[in-house]
**Student:** 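What follows is a structure written as structure tokens; I'll ask about it next.
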Amino acid sequence: MPVIPVSHEKVASTLNHISSLYQNMGRHEEAIPYAIEAHEMRLEIFGPGHLNTIAAHSNTARAYSGADRLEEAAETYRDVLAIFREEYGNENFYIAGILQSYGNVFLRMGDYSRAETIIRESLEHSERLLPADHIRQSYPLKGLADALRKQGRFEEALSYAERAYALRSELPGDNVSLIGARFTLGICLWNLNRQDEAESHLNDALAFFKARARSVFGSDCRTTGAGNSVISSLLINVVERTAHLHYFYLIKLSEKYD
């Protein structure tokens, strides 16, 4: 059996890290070729089912998603999911994470029904394999709330949004995960004519992202009115895209709610 040169995997690992670094900087298009090369190298070294290969494959999907190449992202996540299930079975927590990322792509594509189906499956895995109070439960909960509210099913969405918010409330400070949950909860409450409850969540979300925007653009950064749109659907991209937020979207946010 041939010995795998350590330097070869080190090169693949370095390429994968460079791709992740570019993604964290918001330079997703530049990240893609590094992710692809890392995946191809690991395919040659380990084969398709090795966890290192799957990690590089997933990183390629994330890079496509960050670059708004959503069809390619969906196709890549679908392949990652199929390979992981074939190699490691379906009763594995990592399946929930892959499903969540896969479903989020369809959310961004506007295919909310398909997103709902995939994220429900992610939630089922999470609920079956994790404690009820595990913070990872909040991701499919919030994703499902978003898929439902995008279909106008605000009453259904509210229960999931409340559960996501309750879990993320345990996190320290006003971090982006907590603010994202508050935004989703606020939108549901607003559309259920519970404006008094919605106001604080939505105002705090807007203030949080305005502050983040000013840290990037300076004190001249302002939002502009755009009729009666909610803080705008662009905010959901700001909240959920990557660790490096697309702050410039905030310039287009409205001061009004739906």
Side-chain angles (χ1 to χ4, degrees), residues 9 11-88 92-122 125 136 139-140 142-144 146-147 150 176-177 180 233-249:
E9 164 53 16
V11 172
S13 179
T14 299
L15 289 166
N16 208 45
H17 284 308
I18 291 171
S19 174
S20 296
L21 178 62
Y22 274 130
Q23 290 180 64
N24 289 338
M25 295 168 66
R27 295 161 62 179
H28 303 283
E29 198 65 49
E30 293 173 81
I32 291 170
Y34 290 99
I36 291 173
E37 189 174 356
H39 178 233
E40 290 175 347
M41 194 174 290
R42 284 178 170 174
L43 272 174
E44 181 183 340
I45 298 169
F46 300 116
H50 193 281
L51 286 175
N52 285 0
T53 309
I54 292 172
H57 206 179
S58 296
N59 199 32
T60 304
R62 284 194 297 274
Y64 280 137
S65 180
D68 290 325
R69 291 166 60 171
L70 299 180
E71 294 286 351
E72 291 160 289
E75 181 179 349
T76 306
Y77 275 126
R78 183 195 64 203
D79 292 345
V80 169
L81 186 61
I83 292 167
F84 197 98
R85 279 176 163 154
E86 182 178 346
E87 294 291 332
Y88 302 102
N92 190 302
F93 169 69
Y94 290 106
I95 292 287
I98 298 167
L99 284 164
Q100 177 65 41
S101 297
Y102 188 28
N104 282 344
V105 172
F106 287 103
L107 266 179
R108 291 176 53 208
M109 292 171 69
D111 191 342
Y112 304 124
S113 176
R114 190 166 184 186
E116 177 191 347
T117 299
I118 295 169
I119 297 172
R120 277 192 190 280
E121 188 178 354
S122 174
H125 273 77
R136 294 295 305 176
Y139 294 97
K142 181 184 179 301
L144 187 53
D146 285 325
K150 288 288 190 177
V176 68
S177 293
S233 61
L234 290 171
L235 181 54
I236 209 64
N237 290 330
V238 176
V239 173
E240 294 183 323
R241 292 285 289 274
T242 61
H244 178 85
L245 300 175
H246 291 225
Y247 301 119
F248 60 86
Y249 285 157

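Small disclaimer: the values here were computed from a predicted structure and weren't measured.
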**Student:** Is a donor on one side and an acceptor on the other found under 3.5 Å between the side chain of Thr117 and the backbone of Ser113?
**Tutor:** yes

**Student:** With no hydrogens and no angle check, is any side-chain donor or acceptor of Arg108 less than 3.5 Å from a backbone partner on Ser65?
**Tutor:** yes

**Student:** Rounded to the nearest 0.5 Å, how far apart are CZ of Arg85 and CD1 of Ile83?
**Tutor:** 13.0 Å

**Student:** Quick one, His28 and Arg62 - any side-chain contact, counting heavy atoms below 4.5 Å?
**Tutor:** no

**Student:** After noting the C-alpha distance and the side-chain angles of Glu72 and Ile32, does the key distance pass the side chain to side chain contact (heavy atoms under 4.5 Å, CB included) rule?
**Tutor:** CA-CA 11 Å; Glu72 291 160 289; Ile32 291 170; over 6 Å; no

**Student:** Between Ile54 and Tyr88, is any pair of side-chain heavy atoms under 4.5 Å apart?
**Tutor:** yes

**Student:** Rounded to the nearest 0.5 Å, how far does CG of Leu43 lie from CD1 of Ile45?
**Tutor:** 9.5 Å

**Student:** Not counting sequence neighbours, list each pair that qualifies as a ring-ring contact (aromatic ring centres under 6.0 Å, His included) and has a residue in residues 56-77.
**Tutor:** His39-His57

**Student:** Check whether any side-chain heavy atom of Ser13 sits under 4.5 Å from a side-chain heavy atom of Arg42, and report yes or no.
**Tutor:** yes

**Student:** Nearest 0.5 angstrom please: His125 NE2 to Gln100 CD, how far?
**Tutor:** 13.0 Å

**Student:** Which residue is it: Asn104, Leu99, Ile95? I am looking for the one with a side-chain contact (heavy atoms from CB on, under 4.5 Å) to Ser122.
**Tutor:** Leu99

**Student:** Using every non-hydrogen atom in the two residues, find where Ser58 and Val80 come nearest and quote the distance to one decimal.
**Tutor:** OG-CG1, 3.4 Å

**Student:** Say you draw a straight line from CD of Glu75 to OG1 of Thr60; how long is it, rounded to the nearest 0.5 Å?
**Tutor:** 12.0 Å

**Student:** Side-chain contact, heavy-atom cut-off 4.5 Å: Tyr112 with Leu107?
**Tutor:** yes

**Student:** Does Thr53 use its side chain to pair, donor to acceptor, with the backbone of Pro48 at less than 3.5 Å?
**Tutor:** no

**Student:** So, using side chain to side chain contact (heavy atoms under 4.5 Å, CB included) as the criterion, who are the partners of Tyr94 when residues are at least two apart?
**Tutor:** Phe84, Asn92

**Student:** What do the steps show when you test Asp146 against Lys150 for salt bridge (charged side-chain N to carboxylate O under 4.0 Å, His left out), and what is the final call?
**Tutor:** CA-CA 6 Å; Asp146 285 325; Lys150 288 288 190 177; over 6 Å; no

**Student:** Cut-off 3.5 Å, side chains only: do Gln23 and Ser19 have a donor facing an acceptor?
**Tutor:** yes

**Student:** So which atom in Met41 and which in Ala12 form the shortest heavy-atom distance, rounded to 0.1 Å?
**Tutor:** SD-N, 3.5 Å

**Student:** Which atoms form the tightest heavy-atom contact between Val105 and Leu70, and what is the distance?
**Tutor:** CG1-O, 3.5 Å

**Student:** Flag yes if more than 12 heavy atoms outside Tyr102 fall under 6.0 Å of its OH atom; otherwise flag no.
**Tutor:** yes

**Student:** So do the side chains of Leu51 and Glu87 get within less than 4.5 Å of each other, counting heavy atoms only?
**Tutor:** no

**Student:** Can you measure from CG (Leu81) to CD1 (Ile118) and round to the nearest 0.5 angstrom?
**Tutor:** 8.5 Å

**Student:** Could you give the distance from CD (Glu30) to CG (Leu21), rounded to the nearest 0.5 Å?
**Tutor:** 10.5 Å

